[in-house]
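Single-structure report; data block below.
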Amino acid sequence: MIQIRNLKKTFGSLTVLNDVNIDIKRGEVISIIGPSGTGKSTFLRCLNLLEEPTSGSIIIDGEELLSDQKVDAPRLRRKMGMVFQSFNLFDHLSVLENVCIGPIKLLGKSKIEAAQRGLKLLKMVGMKEKARSMPAELSGGQKQRAAIARCLSMNPEIILFDEPTSALDPTMVSEVLSVIRALAKQGMTMVIVTHEMSFARNVSTRVLYMDQGVIYEQGTPEEIFDNPQRERTRVFVNRIRDFHYVVQSEDYDLYALEAEFQQFCNKYFLSEQTVQHAVTLAEEMLQHIPLGHGDVHLYYRYSEKNGTLDMEILMPTSTGPVIEKMPPEVKAKIYSFCTTVEEYEDVDVRDGVHVNRICLELHNTQLK
């Protein structure tokens, strides 16, 4: 239905989209996830020319939207409806008038015909009883459902949703998501920028993870949420929070390490027991690592999604294996804190150097 090739968007020296390529098939529901500021909303706005792409190609039903001067761009744009996060209703018009104005002004529908269709759409989104109300009388969720009905009144072939629930109170999010789910069941082609991970997983046929202006990874919801192949995707979908501490000599400050890790735990509401066990584990490990051969990097990674805390130590390969040389009582203490303990030689992707890597996963029950 839509082919995007080498799409690029810059604002001055800032590159927001960089070589985006994707095909959108009829009937697909595509969710776009990723950190804020990575070009997700700009991508939608480029699709319907609310932002003019710097370069690239957008082909809709075989017609080039950007470079072909003979193409009727407004006609192609009418195939795409857009629902914004800020509703954008006309405050001086009733809900029904907001829904009818597009068909009357742009499609040449009569007021009666537009009203009949508008009432059907309002009923579909659960808003028929509010048809005569003014936008100021509506809740945020009701405004967004009215905006969806207004979008549908133009008979779009594809709907672009730009974070449709981000301006809503949590109690109003579900009513808007229910409407979008109903549209998905009807086979409507949709592209949805969203931060609602469970919704993206349940409603989508495909999920795109965007980062730094590119489609970093894409796949089925199961592939992206259960088995992401790339590190940034894994960190994002599991909501992994990192703590990093560098030990530069054998005279490192254990109390500074403990204080900084305490702040990290407080920020994410981890328990005091977690702090004690994690710091004890680090102290035991660092006592048996030959220090002074180069920086030793200590990482704690807390997954908000899974409620797990992992510890990772990267050290120069010149130190050799560590765990197998530890006294039996120290090994027993480490294993009492951890579900898994692994050590192996690896390459640090940050700078390409060879390292010894120790990975430990603390017992889940110790986080609470």
Could you report the tightest heavy-atom contact between [X] and [Y], atom names first, then the distance?
X      : Y      : result
Val29  : Ala184 : CG2-CB, 3.9 Å
Ala200 : Thr194 : CB-CG2, 4.0 Å
Leu47  : Ile58  : CA-CD1, 4.1 Å
Asn356 : Pro316 : ND2-O, 4.2 Å
Arg230 : Glu217 : N-OE1, 3.1 Å
Lys305 : Phe225 : NZ-O, 3.2 Å

What do you reckon, is [atom1] of [X] surrounded by more than 12 foreign heavy atoms closer than 6.0 Å?
X      : atom1 : answer
Lys79  : NZ    : yes
Lys267 : NZ    : no
Arg75  : CZ    : yes
Glu52  : CD    : no
Leu14  : CG    : yes
Phe11  : CZ    : yes

Would the distance check show the side chain of [X] and the main-chain N or O of [Y] forming a donor-acceptor pair, the cut-off being under 3.5 Å?
X      : Y      : result
Ser139 : Gln142 : yes
Ser303 : Asn306 : yes
Arg45  : Glu51  : no
Arg77  : Asn48  : yes
Asn21  : Asn6   : yes
Gln144 : Thr165 : no
Asp162 : Leu160 : no
Glu260 : Glu258 : no

Quick one: do [X] and [Y] end up in the same hydrophobic cluster if we chain Ile, Leu, Val, Met, Phe, Trp and Tyr together by side-chain heavy atoms under 4.5 Å apart?
X      : Y      : value
Met154 : Leu50  : no
Ile323 : Ile313 : yes
Leu44  : Leu152 : no
Val20  : Leu208 : yes
Val193 : Ile30  : yes

Taking the side chain as every heavy atom from C-beta outward, state whether [X] and [Y] have any pair of such atoms under 4.5 Å apart.
X      : Y      : value
Met80  : Pro156 : no
Ile33  : Val237 : yes
Met1   : Asp61  : yes
Lys333 : Thr280 : yes
Met326 : Ile334 : yes
Phe43  : Leu7   : yes
Met127 : Leu138 : yes
Lys109 : Ser153 : no

Between Tyr245 and Phe261, is the ring centre distance below 6.0 Å? no
Would you please name every residue forming a salt bridge (charged side-chain N to carboxylate O under 4.0 Å, His left out) with Arg117, sequence neighbours left out? none
Mind checking salt bridge (charged side-chain N to carboxylate O under 4.0 Å, His left out) for Arg5 and listing every partner two or more places apart, or none if nothing turns up? Asp23
Hey, could you give me the [atom1]/[atom2] distance between [X] and [Y], rounded to the nearest 0.5 Å?
X      : Y      : atom1 : atom2 : answer
Cys100 : Arg150 : SG    : CZ    : 12.0 Å
Leu362 : Phe337 : CG    : CZ    : 8.0 Å
Arg201 : Ile224 : CZ    : CD1   : 11.0 Å
Ile59  : Leu66  : CD1   : CG    : 9.5 Å
Glu312 : Leu298 : CD    : CG    : 9.5 Å
Thr42  : Leu17  : OG1   : CG    : 5.5 Å

Just jot down the side-chain contact (heavy atoms from CB on, under 4.5 Å) partners of [X], sequence neighbours excluded, or say none.
X      : answer
Thr54  : Lys9, Thr10
Thr340 : Glu361
Arg234 : Pro228, Glu231, Asn238, Ile240
Gln276 : Glu272

Taking only residues at least two apart or on different chains, which pairs with a member in residues 160-204 satisfy ring pair (Phe, Tyr, Trp, His ring centres under 6.0 Å)? none
Sequence neighbours excluded, which residues qualify as ring pair (Phe, Tyr, Trp, His ring centres under 6.0 Å) partners of Tyr209? Tyr216, Phe236
By ring pair (Phe, Tyr, Trp, His ring centres under 6.0 Å), which residues pair with His244, not counting sequence neighbours? His297, Tyr299
Trace of the salt bridge (Lys or Arg N to Asp or Glu O under 4.0 Å) decision for Glu157 with Arg26: CA-CA 8 Å; Glu157 296 182 21; Arg26 198 174 300 277; 3.2 Å; yes
For Asp72, is there an ion pair with Arg78 - N to carboxylate O distance below 4.0 angstrom? no
Using distance only, find each side-chain donor-acceptor pair of residues 89-99 under 3.5 Å and give its atom names and separation, not counting sequence neighbours.
residue: Ser94; atom: OG; partner: Glu97; partner atom: N; Å: 3.1
residue: Ser94; atom: OG; partner: Glu97; partner atom: OE1; Å: 3.3
residue: Glu97; atom: OE1; partner: Ser94; partner atom: N; Å: 2.8
residue: Asn98; atom: OD1; partner: Phe90; partner atom: N; Å: 2.7
residue: Asn98; atom: ND2; partner: Phe90; partner atom: O; Å: 3.1
residue: Asn98; atom: ND2; partner: Leu93; partner atom: O; Å: 3.2
residue: Asn98; atom: ND2; partner: Ser94; partner atom: O; Å: 3.0

Side chain to side chain donor-acceptor pair (under 3.5 Å) against Asn266, all qualifying residues, sequence neighbours excluded: Gln262
Compile the donor-acceptor pairs under 3.5 Å between side chains in residues 286-295 and protein atoms, sequence neighbours left out, one pair per line.
residue: His288; atom: ND1; partner: Glu284; partner atom: O; Å: 2.9

Side chains of Ser57 and Glu64, donor plus acceptor under 3.5 Å: yes
